[in-house]
Amino acid sequence: MISYHPDSRYLTDFATANLPLAEAVCVSAHLEFCGKCRAHVQQLTDVGGHMFARLQPEAVSEDSFAALMARVSAGAQEQAPVVTVQTPREELDETTQSHVFLPRAVRRLVSGSLDKLRWVQLGKALRVAPLQVSDESRDTAIYDIRAGGRMPEHEHRGEEITVLLQGSFSDADGSYSRGDFVVRHAGESHQPTATMDKDCICLVCLERPVRPRGLLYRLLEPLVNYRLQRLNRSVA
Ligand SMILES: [Zn+2]
């Protein structure tokens with residue numbers, strides 16, 4: 001059951017195509033899990049379209065999801081060749097032998113499969129694959145926390161959006177499961193731990209890199225950032 005939803009600012013900006021692309025991808029991913037927010041966006045789109053139609057009777061309002069996919073595709077075309085893949089609605093994750101549902105915008109960004117991503121292993125419990133999104137304001141990535149694994153405790157230096165695509169995790173503030181849209185703000189710190197039953201796979205959009213709290217991780221941080229930046233450059 002989904003317990004965490006984007007607030008009305010995200011939904012309004014999404015419906016009016018005013019949300020920066022990386023955040024729009026996160027909202028779009030949540031909408032595929034959440035009928036309640038889909039209905040809300042549809043209402044906002046209808047109201048906006050109605051107002052627009054009154055101003056310009058011949059104009060046709062564009063569906064907000066179609067507009068987003070056009071932006072995702074346009075960004076991909078600018079930076080890398082688009083691989084058109086006929087992908088099934090569900091992808092087989094070979095590490096867990098379970099099906100990971102990939103929302104459409106995510107599927108477009110990963111060329112259809114998580115296996116095609118370039119993963120960086122960060123400790124035993126976590127691997128991260130940067131995604132190529134044409135949005136300089138955010139770093140977007142897929143995180144895979146091993147079943148039962150615990151991420152290093154870290155502090156946020158900017159806003160972070162997490163959309164859970166598979167599995168669940170918990171921290172001191174609560175438990176989060178598939179479809180949840182979790183927002184963290186600068187100054188908040190936490191230590192997510194995946195539940196034991198399966199790997200937790202998340203779409204994550206970060207305004208600024210997180211700051212690990214343990215001494216060892218702080219010492220390793222420059223190395224990790226260097227590796228991720230190199231990987232980002234090589235996929236761009
Ligand atoms: Zn929702």
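Both counts, for ligands and for their atoms, begin at 1 and track the order of listing. Keep in mind that the numbers below use all heavy atoms, side chains included, and drop hydrogens, waters and symmetry copies.
The Zn ion (ligand 1) lies at the vertex of an angle of 110° between the SG atom of Cys37 and the SG atom of Cys34 (rounded to 10°).
Salt-bridge annotation for Arg138 and Glu23: present, with a side-chain N of the basic residue lying under 4.0 Å from a carboxylate O of the acidic one. Ion pairing between Arg146 and Asp199 fails under the 4.0 Å rule for side-chain N and carboxylate O.
Classified by interplanar angle (parallel below 30°, tilted 30° to 60°, perpendicular above 60°), the ring pair His156/His190 is tilted.
Residues Gly149 and Ala125 come closest through the heavy atom pair CA-CB, 3.7 Å.
Checking His40 against the Zn ion (ligand 1), every N/O/S atom stays at or beyond the 2.8 Å cut-off.
For His5, the N, O or S atom closest to the Zn ion (ligand 1) goes by the atom name ND1.
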